[in-house]
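Count residues from 1 along the sequence.
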Amino acid sequence: MKKKIHVEFEQKVADFYQSLGISCGPGDIHYRLVILVLAKNGENEITRFSEIRKYTDKVADRGSIGSKMKNIFQLHSLVKKVEHGGYVITEKGLRAAQFIKDSSDYYNNIKKTDKMLERIP
């Protein structure tokens, strides 16, 4: 999953899911960004907390991401903390990242369909 992460696009996707009443997972911009950064580096690579913050600082309060790492990602075994400020994504985390990617694909398909419907006389 070595691709660039576009914060603005991920925010649009999260807003779309929030408009459907989904505020966790695909509707949570923090969750989306963290899991995508971890997946970008791969299963056996250490992801530094500072790298995660590089993406999340644009949309998150300073302490909220560290708290989310402990209370969501580690608690649900999506990541393992391997050193101070270092995390490794687990197989379960990779499945969550695939789900986030699939939710983005669904969003893109909905937007394409909306554009086609607008053009129909």
Side-chain angles (χ1 to χ4, degrees):
M1 210 174 208
K2 296 263 184 199
K3 68 177 210 169
K4 190 169 180 176
I5 299 169
H6 300 283
V7 176
E8 296 80 17
F9 171 74
E10 296 303 330
Q11 183 65 61
K12 288 179 185 176
V13 177
D15 291 343
F16 169 75
Y17 283 100
Q18 285 180 1
S19 74
L20 299 175
I22 302 169
S23 59
C24 298
D28 182 354
I29 185 62
H30 305 149
Y31 182 92
R32 294 184 70 83
L33 293 174
V34 170
I35 204 75
L36 289 173
V37 172
L38 289 160
K40 181 180 80 157
N41 289 343
E43 187 174 10
N44 296 321
E45 296 295 319
I46 296 174
T47 301
R48 308 296 313 161
F49 188 68
S50 59
E51 185 178 354
I52 294 169
R53 293 275 314 275
K54 183 171 74 173
Y55 292 96
T56 59
D57 278 355
K58 300 173 186 174
V59 295
D61 294 331
R62 187 162 175 83
S64 64
I65 299 303
S67 174
K68 193 162 279 196
M69 291 302 292
K70 292 176 193 164
N71 296 321
I72 306 260
F73 292 97
Q74 287 179 310
L75 187 64
H76 294 289
S77 302
L78 299 173
V79 300
K80 288 187 277 186
K81 187 170 184 173
V82 292
E83 58 188 44
H84 180 72
Y87 299 91
V88 174
I89 193 166
T90 64
E91 181 64 34
K92 190 175 179 181
L94 288 172
R95 287 193 304 269
Q98 185 61 48
F99 174 71
I100 293 300
K101 182 185 174 303
D102 292 344
S103 72
S104 295
D105 292 344
Y106 178 74
Y107 169 79
N108 283 329
N109 289 335
I110 291 293
K111 291 303 173 184
K112 285 179 190 175
T113 302
D114 286 348
K115 286 181 181 179
M116 286 190 301
L117 290 174
E118 287 176 3
R119 291 193 310 246
I120 295 175

ask   = Can you name the ring pair (Phe, Tyr, Trp, His ring centres under 6.0 Å) partners of Y107, sequence neighbours left out?
value = F9, F16

task = Scan residues 111-121 for pairs that pass salt bridge (Lys or Arg N to Asp or Glu O under 4.0 Å), counting only residues two or more places apart or in two chains.
result = none

query = Taking all non-hydrogen atoms of both residues, which atom of S77 and which atom of T90 are closest, and how far apart?
reply = O-OG1, 2.7 Å

query = What are the two closest heavy atoms between A96 and Y31, and how far apart are they?
reply = CB-OH, 3.4 Å

request  = Using a 4.5 Å cut-off on heavy atoms from C-beta on, say whether the side chain of L117 contacts that of I120.
outcome  = yes

key: F73 vs I89 side-chain heavy atoms within contact, under 4.5 Å   = no

ask   = Quick check: does any side chain N or O of Y17 sit under 3.5 Å from a backbone N or O of S103, one acting as donor and the other as acceptor?
value = yes

Sequence neighbours left out, cut at 3.5 Å: what donor-acceptor pairs do the side chains of residues 54-61 make with other protein atoms?
| unit_1 | atom_1 | unit_2 | atom_2 | d |
| --- | --- | --- | --- | --- |
| Y55 | OH | K40 | NZ | 3.1 |
| T56 | OG1 | I52 | O | 3.2 |
| D57 | OD1 | R53 | NE | 2.6 |
| D57 | OD1 | R53 | NH2 | 3.1 |
| D57 | OD2 | R53 | NH2 | 3.3 |

task = To the nearest 0.5 Å, tell me how far N71 CG sits from H76 NE2.
result = 8.5 Å

task = Quickly, which of V79, V34, V37 forms a side-chain contact (heavy atoms from CB on, under 4.5 Å) with T47? Name it, please.
result = V37

inquiry  = Which Ile, Leu, Val, Met, Phe, Trp or Tyr residues join V82 in one cluster when any pair of side-chain heavy atoms under 4.5 Å counts as a link?
reply    = I46, V88

ask   = If you take all heavy atoms of F99 and P26, which pair is closest and at what distance?
value = CE2-CD, 3.5 Å

note = d(N108 CG, T113 OG1) to nearest 0.5 Å is 10.5 Å

query = Pairs in or reaching into residues 18-28: which pass side-chain hydrogen bond (donor to acceptor under 3.5 Å, both in side chains), with residues at least two apart or in two chains?
reply = D28-K68

query = Side-chain heavy atoms under 4.5 angstrom apart, residues restricted to Ile, Leu, Val, Met, Phe, Trp, Tyr: same cluster for V13 and I5?
reply = no

note = Applied to residues 79-92, the salt bridge (Lys or Arg N to Asp or Glu O under 4.0 Å) test, sequence neighbours excluded, yields R48-E83

ask   = Of all heavy-atom pairs between R32 and A14, which one has the smallest distance, and what is that distance?
value = CD-CB, 3.9 Å

note = Between E51 and N41, the two heavy atoms sitting closest are OE1-ND2, 3.1 Å

message = As an exercise, state the distance from NE2 of H6 to CG of L36, rounded to the nearest 0.5 Å.
response = 11.0 Å

